[in-house]
Amino acid sequence: MPRSPTAVLARIAATLCLASFGGALAVSQAWALDGGADTARLLSFGGMCLNCELSGRKLPDAKFLGANFTGASMVGSDLHGAYFFGSDFSGADLARADLHGAIVFGSDFTNVDFTDANLSSISGHGTDFGGANLTRTNFQGANLIGANLVKANAKDALFNGATFFGANLGQGRYDRAQFRNANLIGADMVGSTFAGADFTGANLAHSNLTAADLSAAKGLTQPQIDQACSSPTTRLPAGLVGKSCKLGSTGVIVLRAGMPLHAGSPRFIVQTEGQ
C-alpha cells in the first residue's frame, strides 16, 4: 500500500534525527567503547578521525554512527558485520579489507580504494561509491538499493547474485566483471563499458543502457535486452537488438536531504513503491 507524503517525510525526519544523535555523541574526536576481556566486545565510533591509521585492525561488528573517517587507512582491516550509518569514509584506503555482511546505510565511500576487498552480502540504501576503485572487489550477494557507483572502476569485480535495484552504475569501467544472476532492475548504466562482463541470468528490467558499451559482454540474451531501455548509442553484442522505452517506471524514489543536520548525516534515502 503506497505511503502518504506525510508518512514518507516522517520516516526521513526520524532517520536523520537518529543519524544526528549518533554524530552528536562525539563532536571532534572519534571515540570507542570496549567491553573488556570478560564481556562481549563492542566498538562504537562517532566524531572525526581524519587520516587515521587503522590498517590491519580487528574491528568486527563495530558501529560507525555519523563518523568522519575521511582519508583513513584501513588496509586489510577486519570490519565484517560492521554498521556504517551516515558516515563519511571518502578517500579512505580499504584495500583488502573484509566488510562482508556489513550494513552501509547512507554512508559516503566516494573515491575509496576497495581493491581486492570483500564486500559480499553487505546491505544498505543510498550508499555512495562514486569514483571508487572497485578492482576485484567482491560484491556477491550484496543488497545495495539506490547505490551510487558513478565513474567507479570495477574491473574484474564480482556482482554475482547482488541486488542493485535503482542503482547508478553510469560512466564506469566494468571490464570482465561478473553479474551472473544479479538484480539490476532500474539500474542506470549510461555510458559505462562492460568488455568481457558476464550477465548470465541477470535481470535488466527497466535498466538504462543509453551509450553503454556491451558489445563484448557475455551471457546476454534478446529477452534480457527486450526488458531494458536502449538507444541508438547503445552497443550490443552481434545479433542482439535494443529497444527504446519510457524510463523511470520502476517505482524507485530517491529522497535527498536538502540541509543535512551535520556532516555525517545520510546523503539520501531510498523509498520503494509497488515492489
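Residues Gln224 and Gly219 come closest through the heavy atom pair OE1-O, 3.2 Å. Taking every heavy atom of both residues into account, Ala211 and Thr234 meet most closely at N-OG1, 3.8 Å. For the residue pair Ala228 and Ser207, the shortest heavy atom distance occurs at CB-OG, 3.4 Å. The shortest heavy-atom contact between Ala154 and Ala177 is O-CB, 3.8 Å. The two residues Lys58 and Leu43 have their closest heavy-atom pair at O-CD1, 4.5 Å. Closest non-hydrogen pair, Ser87 versus Ala67, comes out as OG-N, 3.0 Å.
When the side chains of ILVMFWY residues are joined at heavy-atom separations under 4.5 Å, either directly or via intervening members, Leu119 and Leu184 end up in a single hydrophobic cluster. Criterion: ILVMFWY side-chain heavy atoms under 4.5 Å apart, direct or through other members. Under it, Phe164 and Val150 are not part of a common hydrophobic cluster. Hydrophobic clustering keeps Val190 apart from Phe165 (ILVMFWY residues linked when any side-chain heavy atoms are closer than 4.5 Å, directly or through intermediates). Hydrophobic cluster membership differs between Phe114 and Leu158, with clusters built from Ile, Leu, Val, Met, Phe, Trp and Tyr side chains linked at under 4.5 angstrom.
Looking at Leu94 and Leu79, their side chains come closer than 4.5 Å, going by heavy atoms from C-beta outward. Residues His80 and Asp78 meet the side-chain proximity criterion, which asks for heavy atoms closer than 4.5 Å.
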Carefully, step by step, assess Arg96 and Val75 under the rule side chain to side chain contact (heavy atoms under 4.5 Å, CB included). CA-CA 6 Å; Arg96 303 189 307 279; Val75 177; 3.0 Å; yes
Taking it one step at a time, do His100 and Ser121 satisfy side chain to side chain contact (heavy atoms under 4.5 Å, CB included)? CA-CA 6 Å; His100 79 267; Ser121 299; 5.6 Å; no
Any chance you could lay out the side chain to side chain contact (heavy atoms under 4.5 Å, CB included) test for Leu59 and Ser77, step after step, and finish with the verdict? CA-CA 7 Å; Leu59 299 169; Ser77 292; 5.5 Å; no
Take Val241 and Leu236 through the test side chain to side chain contact (heavy atoms under 4.5 Å, CB included) and record every step on the way to the result. CA-CA 7 Å; Val241 179; Leu236 297 171; 5.8 Å; no
Working for salt bridge (charged side-chain N to carboxylate O under 4.0 Å, His left out), residues Asp213 and Arg235: CA-CA 5 Å; Asp213 187 352; Arg235 299 183 61 189; 3.2 Å; yes
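By the side-chain hydrogen bond (donor to acceptor under 3.5 Å, both in side chains) test, Gln140 is found to be paired with Asn138, Asn160, residues two or more places apart in sequence or in another chain being considered. When the side-chain hydrogen bond (donor to acceptor under 3.5 Å, both in side chains) test is applied to Asp226, the partners found at least two apart in sequence or on another chain are Gln222. Shown here are the side-chain hydrogen bond (donor to acceptor under 3.5 Å, both in side chains) partners of Thr163, two or more places apart in sequence or in another chain: there are none. With sequence neighbours left out, Asn111 forms a side-chain hydrogen bond (donor to acceptor under 3.5 Å, both in side chains) with no residue at all.
When only modelled atom types and interatomic distance are considered, Asn203 and Asn183 share no side-chain donor-acceptor pair under 3.5 Å.
Ring geometry for Phe89 against Phe84 counts as perpendicular: the plane angle is over 60°, on a 0 to 90° scale with 30° as the lower cut. The aromatic rings of Phe199 and Phe194 lie perpendicular to each other, with more than 60° between the two planes, well past the 30° mark. Between Phe139 and Phe129, the ring planes are perpendicular. Angles over 60° get that label, and only those under 30° would be called parallel.
For the atom pair NZ (Lys63) and CZ (Phe45), the distance works out to 11.5 Å, reported to the nearest 0.5 Å. In this structure, CG on Asn168 lies 8.0 Å from OG on Ser192, to the nearest 0.5 angstrom. Distance check, rounded to the nearest 0.5 Å: CD of Gln227 to CG of Leu204 gives 8.0 Å. Atom CG of Leu54 and atom CE of Met74 lie 5.0 Å apart (nearest 0.5 Å). Atom CD of Gln178 is separated from atom OG1 of Thr200 by 9.0 Å, given to the nearest 0.5 angstrom. Taking CD1 of Ile103 as the reference point, atom CD1 of Ile122 lies at 9.0 Å (rounded to 0.5 Å).
In summary, of the residues considered (Asp93, Asn133, Asn153, Thr135), a side chain to side chain donor-acceptor pair (under 3.5 Å) with Thr115 occurs for Asn133 alone. Test Asp188, Leu134, Leu144, Thr127 against Leu149 for side-chain contact (heavy atoms from CB on, under 4.5 Å) and you get one pass: Leu134. Each of Tyr83, Phe69, Phe85 was compared with Phe64 under the ring-ring contact (aromatic ring centres under 6.0 Å, His included) criterion, and only Phe69 meets it.
Residue pairs meeting the salt bridge (Lys or Arg N to Asp or Glu O under 4.0 Å) criterion with at least one partner in residues 137-166, sequence neighbours excluded, are Asp156-Arg176. Here salt bridge (Lys or Arg N to Asp or Glu O under 4.0 Å) pairs that include residues 109-127, with residues two or more places apart or in two chains, are Asp116-Arg136.
Classification of Asp198 and Arg180 as a salt-bridged pair holds, one side-chain N sitting under 4.0 Å from a carboxylate O.
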